[in-house]
Amino acid sequence: MQNTSAVLSQTNPLVSPSRWTEIYDLITFKIFDHDALLDVREQFASSGYVKLPAFLDPQALTVFREEMEQIEDVAIRKKFVMPGYLSPRRLSVAGGGLIRHHSPLLYSLYHHSALRTCIETIVGRPIYTCTHPEEYMVANFLHNSGDTHGWHLDDPAYALIIFAETPQEGGGGEVEFIANWTDLCRRKQRSPDKDILDLVEWADANGLVDRHNHQSGDAYLLRADKNLHRVSPLKNMGDRRSVVNLAFQSMACVDYGDTADLLYGMPVTSAPMVAG
């Protein structure tokens, strides 16, 4: 911990040792007993999703929210239809570069040994640092009625999402996913990332879309490269959903498309705009 603290102090001299301790304590080692470990591994293997309630305790959540407020001040508003998927993006975002520059303390969580150990414990195998310069750690803010992060796959295999704010129950903002989407597309002889909306409707009609609510301080782990997923649109004015997504690879080398660049890069002018 001393070495990491020194690195952070060099990055930002305004970071005090006491403040670093608060951030470091945001994540503590998650201990699973034998039966619980078998349950979470089986759940993740079958559905590619595990919910982690109260991942942050109340004190840690307070510090986490303060850091997220700093990031929201510099987040970039995006409103477009993602090419290929043809699904909407209406949200404010900050990629890894903005997070590292404006909140080195929040950035430090990406390299937290307890967090990585938790993921490896659940998936039962080593994980690797995401090599994309923006997608390794992103912050997503939905704060207007109709805001959504539409259907997509990630290039990195594993996504750990930590919640700072969540809308009221029934107000939208649920994570929705279709487990083993890539297998479904192979069986249907369909591309998993192009013109997908009719197949999504078919999956929903056949009970294949899972939906989950979360509370502030919760987290979940998703097999994001195989499970098509989205955040459903917010329904009510005044509701907010803000999360950090930490991405990890299942292998050392991964090929990346351009979807992360479109969403987390500079404002897009060439992508089709959403009406309204």
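Basis for what follows: all heavy atoms, side chains included, without hydrogens, waters or symmetry-related copies.
Annotation: the span from Asn206 atom CG to Leu184 atom CG amounts to 9.5 Å, rounded to 0.5 Å. Here the straight-line distance linking atom OG1 of Thr117 with atom CD1 of Ile122 works out to 11.0 Å at 0.5 Å rounding. Here the CG-CG distance, from Leu142 to Asp239, works out to 10.5 Å after rounding to the nearest 0.5 Å. Here the CH2-CZ distance, from Trp151 to Arg230, works out to 5.5 Å after rounding to the nearest 0.5 Å. Separation of atoms CD (Glu69) and CZ (Phe141) is listed at 9.5 Å; rounding is to 0.5 Å. Interatomic distance, Leu109 CG to Glu67 CD, rounded to the nearest 0.5 Å: 9.0 Å.
In this structure, a donor-acceptor pair under 3.5 Å is absent between the side chains of Thr148 and Arg241. For the residue pair Ser103 and Gln70, no side-chain donor N or O sits within less than 3.5 Å of a side-chain acceptor on the partner. Side chains of Glu72 and Ser92: no donor on one and acceptor on the other come within 3.5 Å.
Hydrophobic clustering (ILVMFWY, side-chain heavy atoms < 4.5 Å, transitive): Leu115 and Leu52 are in one cluster. When the side chains of ILVMFWY residues are joined at heavy-atom separations under 4.5 Å, either directly or via intervening members, Val209 and Phe177 end up in two distinct hydrophobic clusters. Connection of Val50 to Ile119 is established within a shared hydrophobic cluster, with ILVMFWY side chains joined at heavy-atom distances below 4.5 Å, either directly or through further cluster members. Tracing side-chain contacts under 4.5 Å through hydrophobic residues (I, L, V, M, F, W, Y), one never reaches Leu153 starting from Leu222; they form parts of separate clusters. One hydrophobic cluster holds both Met137 and Met68 under the rule that ILVMFWY side chains link at heavy-atom gaps under 4.5 Å.
Side-chain atoms of Asp218 come within 3.5 Å of backbone atoms of Ala54 as a donor-acceptor pair (strictly under, hydrogens ignored). Counting only distance, with no hydrogens or angles, the side chain of Asp57 and the backbone of Ala60 share a donor-acceptor pair below 3.5 Å. Remark: the backbone N or O of Ile127 is paired with a side-chain donor or acceptor of Glu120 at under 3.5 angstrom. Remark: side-chain polar atoms of Asp33 are paired, donor with acceptor, to backbone N or O of Asp35 under 3.5 angstrom. The closest donor-acceptor contact from the side chain of Ser47 to the backbone of Ala179 lies at 3.5 Å or more, if one exists at all. Under the 3.5 Å distance criterion, the side-chain polar atoms of Arg240 are left unmatched by any main-chain donor or acceptor of Gly238. A donor-acceptor pair under 3.5 Å links the side-chain atoms of Ser108 to the main chain of Leu105, judged by distance alone. Counting only distance, with no hydrogens or angles, the side chain of Ser46 and the backbone of Gln43 share a donor-acceptor pair below 3.5 Å. Under a 3.5 Å cut-off, the side chain of Glu135 and the backbone N or O of Ala247 do not form any donor-acceptor pair. Arg89 places no side-chain N or O within 3.5 Å of a backbone atom of Lys78 that could act as its donor or acceptor partner.
Using a 30° and 60° split on the angle between ring planes, Phe163 and His214 fall in the parallel class, below 30°.
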Would Thr121 and Val40 count as a side chain to side chain contact (heavy atoms under 4.5 Å, CB included) if you check the C-alpha gap in whole Å, the side-chain angles of each, and the deciding distance to 0.1 Å?
CA-CA 9 Å; Thr121 299; Val40 296; over 6 Å; no
Could you walk me through whether His152 and His229 pass the side chain to side chain contact (heavy atoms under 4.5 Å, CB included) test, one step at a time?
CA-CA 6 Å; His152 64 286; His229 55 284; 3.1 Å; yes
Apply side chain to side chain contact (heavy atoms under 4.5 Å, CB included) to His212 and Tyr49, showing your working.
CA-CA 10 Å; His212 296 274; Tyr49 166 89; 3.5 Å; yes
Using the rule given for side chain to side chain contact (heavy atoms under 4.5 Å, CB included), can you reason through Gln168 versus Asn236, listing the C-alpha separation, both sets of side-chain angles and the distance that settles it, and then say yes or no?
CA-CA 9 Å; Gln168 61 183 333; Asn236 305 313; 3.2 Å; yes
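Summarising the geometry of Thr259 relative to Met82, their closest heavy-atom pair is O-CE, 3.7 Å, with the distance given to 0.1 Å. Closest non-hydrogen pair, Leu234 versus Pro167, comes out as CD2-CG, 3.9 Å. Residues Val138 and Gly95 approach most closely at CG1-CA, 4.1 Å, considering heavy atoms. Between Ser191 and Cys185, the shortest heavy-atom contact is O-SG, 4.1 Å. Closest of all the heavy-atom pairs between Arg41 and Gly124 is NH2-CA, 3.8 Å. The two residues Leu262 and Pro83 have their closest heavy-atom pair at CD1-CD, 3.8 Å.
Between Arg223 and Asp225, at least one side-chain N (NZ, or NE/NH1/NH2) sits under 4.0 Å from a carboxylate O, which counts as a salt bridge. A salt bridge links Arg211 with Asp204: the closest approach of a Lys/Arg side-chain nitrogen to an acidic carboxylate oxygen falls below 4.0 angstrom.
Applying the ring pair (Phe, Tyr, Trp, His ring centres under 6.0 Å) rule to pairs touching residues 230-253 yields Tyr110-Phe248, sequence neighbours excluded.
Side-chain contact between Leu61 and Arg65: present, with at least one pair of heavy atoms (C-beta onward) separated by less than 4.5 Å. In this structure, the side chains of Asp261 and Tyr256 stay at 4.5 Å or more apart for every pair of heavy atoms. Taking 4.5 Å as the limit, some side-chain heavy atom of Ile162 sits within range of a side-chain heavy atom of Leu246. Here the side chains of Arg116 and Thr129 are in contact, with some heavy-atom distance below 4.5 Å. Side-chain contact between Asn144 and Arg77: present, with at least one pair of heavy atoms (C-beta onward) separated by less than 4.5 Å. The shortest side-chain heavy-atom distance between Ile71 and Ile99 falls under the 4.5 Å cut-off. In this structure the side chain of Val254 never reaches within 4.5 angstrom of the side chain of Pro156, judged on heavy atoms. Looking at Leu208 and Trp202, their side chains come closer than 4.5 Å, going by heavy atoms from C-beta outward.
The residue from Leu197, Leu228, Asp195 that alone fulfils the side chain to side chain contact (heavy atoms under 4.5 Å, CB included) condition with Tyr85 is Leu228.
When the side chain to side chain contact (heavy atoms under 4.5 Å, CB included) test is applied to Glu42, no partner is found at least two apart in sequence or on another chain. For Asp183, the salt bridge (Lys or Arg N to Asp or Glu O under 4.0 Å) partners are Arg186, not counting sequence neighbours.
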